[in-house]
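Hydrogens, waters and symmetry mates play no part in the numbers below; they use all other heavy atoms, side chains included. Fair warning: this is a prediction, and the values are worked out from it, not measured in the lab. Chain A is the first sequence line, chain B the second, and so forth, proteins listed ahead of strands; every chain is numbered from 1.
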Amino acid sequence: MAFPHRLDAPELPDFSMLKRLARDQLIYLLEQLPGKKDLFIEADLMSPLDRIANVSILKQHEVDKLYKVENKPAVSSSEQLCFLVRPRIKNMRYVASLVNADKLAGRTRKYKVIFSPQKFHACEMVLEEEGVYGDVSCDEWAFSLLPLDVDLLSMELPEFFRDYFLEGDQRWINTVAQALHLLSTLYGPFPNCYGIGRCAKMSYELWRTLEEEEDGETKGRRPEIGHIFLLDRDVDFVTALCSQVVYEGLVDDTFRIKCGSVDFGPEVTSSDRSLKVLLNAEDKVFNEIRNEHFSNVFGFLSQKARNLQAQYDRRRGMDIKQMKNFVSQELKGLKQEHRLLSVHIGACESIMKKKTKQDFQELIKTEHALLEGFNIRESTSYIEEHIDRQVSPIESLRLMCLLSITENGLIPKDYRSLKTQYLQSYGPEHLLTFSNLRRAGLLTEQAPGDTLTAMESKVSKLVTDKAAGKITDAFSSLAKRSNFRAISKKLNLIPRVDGEYDLKVPRDMAYVFSGAYVPLSCRVIEQVLERRSWQGLDEVLRLLNCSELAFTDMTKEDKASSESLRLILVVFLGGCTFSEISALRFLGREKGYRFIFLTTAVTNSARLMEAMSEVKA
Amino acid sequence: MDCYTANWNPLGDSAFYRKYELYSMDWDLKEELRDCLVAAAPYGGPLVSLLRKPWRKEKAASVTAVLEIYSASACLWPWKSGPVVSLGWSAEEELLCVQEDGGVLVYGLHGDFRRHFSMGNEVLQNRVLDARIFHTEFGSGVAILTGAHRFTLSANVSDLKLRRMPEVPGLQGAPTCWTALCQDRVAHILLAVGPDLYLLDQSACSAVTPFGLAPGVSSFLQMAVSFTYRHLALFTDTGYIWMGTASLKEKLCEFNCNIRAPRSRWCSRPRSKERAVVVAWERRLMVGVMRPRASSILGGLFVLDEDSYLVPELDGVRIFSRSTHEFLHEVPVASEEIFKIASMAPGALLLEAQKEYEKESQKADEYLREIQELGQLTQAVQQCIEAAGHEHRPDMQKSLLRAASFGKCFLDRFPPDSFVRMCQDLRVLNAIRDYHIGIPLTYSQYKQLTIQVLLDRLVLRRLYPLAIQICEYLRLPEVQGVSRILAHGPVQQKDVSDEDVARAINQKLGDTPGVSYSDIAARAYGCGRTELAIKLLEYEPRSGEQVPLLLKMKRSKLALSKAIESGDTDLGDVHGVAFVPTGAPWFCKHQELETLKDLYNQDDNHQELGSFHIRASYAAEERIEGRVAALQTAADAFYKAKNEFAAKATEDQMRLLRLQRRLEDELGGRFLDLSLHDTVTTLILGGHNKRAEQLARDFRIPDKRLWWLKLTALADLEDWEELEKFSKSKKSPIGYLPFVEICMKQHNKYEAKKYASRVGPEQKVKALLLVGDVAQAADVAIEHRNEAELSLVLSHCTGATDGATADKIQRARAQAQKK
């Protein structure tokens, strides 16, 4: 229902090619180890692998048994073992322990490790240290882009966020650049490139270098996708930290969508078995409600149920021939739709039960207050209460971060007391979590104003006025500040509402947050696309601390068709949320664009917080 | 035409030898050639001369020797280093100067010093008596005879591996003559001591006798090895010459002449049946040709005007003297057939026919017919083309090619490429044979050398324009040709600053396809210009290429920063560039915890050090004492990092841990690793209220938290009595609404109602609604005249029962509005 695509919306490129490519490569790698073999798969790779090659394909290529890589000895009896893993140290230790155990037992087998999406030298070093480097052959499965949906590509690298934004580890940038390079070889060059953020910039530069190295390949190809926009997650943490209220986002927040599919438990399926449902554009019911504000979903579903019933009812008064037609052609579709409908209604009920309680509404209210910047005191005590009541460690943390980012850090008193409360409630090990959050700029302390000003006045006595101004600037940039409030004003992120915001007929992207807030990331993208550059956004960039980290690169080629110019690839480095996807889909419909999303992983507030949390080993 | 064969000397049955002048030498030799050390590079390479006098006669002579390098057609700079024993050219046209102390100096073509290496200590002590430079498959080798009469050799000077040859038994004085041989990829030394011959290889010294050597030889004076090391000529003091294979196992021929003290060189043509040795003595030159199955040899004599020096080439001998530079070789078959007097070979006829045709004589037709009748026209054309290749004079080349093209007209399907290629090759050859260029390559040498090598040599001689023209003329692909020249050219310029050269190269090349800046840089580095190499690497777009070279140049810092810049941290790792700043923390965190700790220690990063110890307290330690100790270290680190909050928190945790331990001991159950809140809750749930309160006081748990905590715990226990007591203990800091809520959660409406009455006015409506008392809620809301509350109550009015209440609210609203 709600908003069908505009008639002139451009066609999306066919991303199934990526799957075929990955599959062929995997098969090639498996064939490199001829004969029967057992395949050990890392848990994180199981779902993505499932989307690329199912068990029967693996069996066709002489994979005998499948095992999960976990911390216990394998019982495989095969003569050849193949490991399909992410390049992680712990996996290497696992492989090494297997090999060494075999050595002790006097067994010789063939071992092959396939790294996806790439091999890291450190991994080989571990193998070397464990003394098994010579026994193992290594290969790379450059599978970095998984099409989760017609317009959503995921690299399925949730660790990207922590590795880069917390540890400052740049290993994955190369992977990103390789992925972009692959896209441009398959779908033509991108005539217009924009980006913001350090990682975006580095990835872009590395990607360009790759292109230069292999120039000629993409030259002369007609671009299929007119724009590419790279965005670092740390440009906009706020959006990712908000509770999601669009259906798809809610399902993700509540049930965790994993690799494009979700496990609905017994409370949804109203049977004792849980059900795995693939959530993408092929699910017709889901496709129509995924981008809807939750308040509309129920109404829509009941309407849909009525329509379905009406269609079923048509069979009354049919003659035999019509009935035959109906059964052979429509019934299956209807039944399918029926099944999906009941699943989503079940999911809705379950969500309603959880989310329409007063607690949830208060939570949303607090979030909105934080976003708008009023009643900060009240919000702070709400958060305190939240912590005291041990509602949820992740939720509490999320609220604290949201408060910190929107307020340019917590005032020292709150910073200390909230942390103390938190440690008392959820355990002292979170001291490390706080140190992580501080490092990532998610939860910080407001720079104690007076000490700085004292310093400033001391220093400025020594220098001229002009220099003093500069010093002030330097001091203020010392602490990484979010300056959210000013940006919000500048970009008009909090829509002025006269009367009720009609969530059924949204006016702007704010609908994804019940009309209270336009996602910052999406607004930035909108603004840049409108201007076709960062011009006029200097102030915003300064406030985002990204003055030097925003770039545009336009080629003056006119080869791009007007159709392709309305296709925009948005690359989220560090993950994006379903709310952002919905907001941009909405923007696309309004402006006649079509967005394609590439993300290191689909994320949400809980995943972000978990990535920052230190859990007891 | 008759006179064309005038310089042909028949030797043997069927072979002719000819000698023609390549250049008249323009060199400015002050001394006699015999007083100089001379060396010439094969393949028309450059010559070098060095006066040997100063060291021979009086060591203190103030005359500075001058090392002179000439092109084959005939630069110079004073020699400052020690006495030179031998000179020679390497395959890369580098000049090797073997000094008396065993040091070998390597110079470029332009006299630029490249590098220096030593032939080892043994050589240094015993001095060098004699040295030879020889060419092998691997490159150029140096063999040295030391003062102790031992041999040391290196088969490849660019990859120096010294081999000390075994001692020759009974060798008292210097061998009378010796040479380096290269067989089966191994370098040997053949030496003669008086009448005895010895073959030295790496492991042994064996005495050898040439097969079929005539008796009565008292001493070998000279030996000459052929260009390919296949054949050997031995010359004795009796004027006897033995020629055979280099293995000495087969004799080809022998003959006697009356020459003393000659210089001999092999002169042969590939694929020729006959071998010849050229022997020069005094001012005469003798060519000895051997014939198969004949025991004698025919000697042809050439008279030389001056002292000459012989340079063996692939297919002949170059002879140069003070004034001229000549080439002596066997006349190739094709030329011979065409030009032999009264030759009836098809090629000869064709040449004749063409000449007649030019004279517009009908004889042309006759000749042509004759060839065609024999069906040999194709052969004729081929012969002409081939012969043209072997001609030195452009006019002869032209006339032969003209004949070939004339003959071609009468052929239907003659593939044109051999003709075209020959024309192209000859143009190139003529161009480089030019006096100013001075590379007198013959066609066969050129083919052996290949165009790529030739181009490299031109580049080495800084003849860039010519090289580029040749590339363009031959339409070589850019990657092989022009780009390569452009790339390698300017690196060798010496006198310009690095910055300028780098910029010039970049301007010239831009992004020319096929140019790899790292290759250029590698070359610059090879020329000893590290700074230039670094500058050039700046232009290299692929960091993957930059890093390894930088490392090779021992610029690890720069390599590291490049690796970082590239964003590909793995790059840094792979090449082992210091692990520290890039991949390190990630790697260490998972693999080498100790290293990580050291790293933080080294950086005085106390904050991270603290975190590290905290992590350790969870992961590494099992015992409480250990954990507490780790935490103590962490707390100390936090103090150092001026993070008092973290330090205090850590100390609190230590206290808590100890306490939890005590609780476990005294009360049983699990307390360890619970949060403070959970610890207190557990105590309350276990009925240890006193202890719980004690703990709360000890850790200064705020009132609010304590109330929430107790409330939840008591409700969980469903201890309603205790809850009520607790609620009355003092005024609740969290209000009474939570009490209502928690009771309703446990479905205890009765208890909930108790607390609902105590809820403060602002939340009363909510509380009443919670317990389901809609009517009373409505009353309160109306009393408050609060619109929001009214609508809240209204939304709770469902069904018929609340109909009256709804009406009431509506009325109240209407009233409020009226006012």
Q.
Report which part of B/Ser611 has an atom under 4.5 Å of a heavy atom belonging to chain A: side chain, backbone, both, or neither.
A. both

Q | Close aromatic pair by centroid cut-off 6.0 Å: A/Phe120 and A/Phe115 | A | no

Q) Going by distance alone, is a donor N or O of one side chain under 3.5 Å from an acceptor N or O of the other, for A/Ser396 and A/Tyr422? A) no

Q. Would you call the rings of A/His386 and A/Tyr382 parallel, tilted or perpendicular, where under 30° means parallel and over 60° means perpendicular?
A. tilted

Q | Any side-chain donor near an acceptor of the partner, A/Asn436 and A/Thr433, under 3.5 Å | A | no

Q. Is the distance between the ring centroids of B/Phe638 and B/His606 less than 6.0 Å?
A. no

Q) Without hydrogens or angle criteria, can the side chains of A/Asp232 and A/Tyr164 be said to hold a donor-acceptor pair below 3.5 Å? A) no

Q. Quick one: which residues of residues 641-650 of chain B reach chain A at under 4.5 angstrom, heavy atoms only?
A. B/Phe645, B/Ala646, B/Ala649, B/Thr650

**Q.** Interchain contact, A/Gln390 with chain B, by part (heavy-atom threshold 4.5 Å)
**A.** side chain

Q: Give, as side chain, backbone, both or neither, the part of A/Ser417 having an atom under 4.5 angstrom from any heavy atom of chain B.
A: neither

Q) Looking at B/Phe671, is B/Arg661 sitting on its ring face, NZ or CZ under 6.0 Å from the six-membered ring centre and within 45 degrees of the normal? A) no

Q: Under the salt bridge (charged side-chain N to carboxylate O under 4.0 Å, His left out) rule, collect the residues that match up with B/Asp698, sequence neighbours excluded.
A: none

Q | Part of A/Leu431 within contact of chain B (heavy atom distance under 4.5 Å) | A | side chain

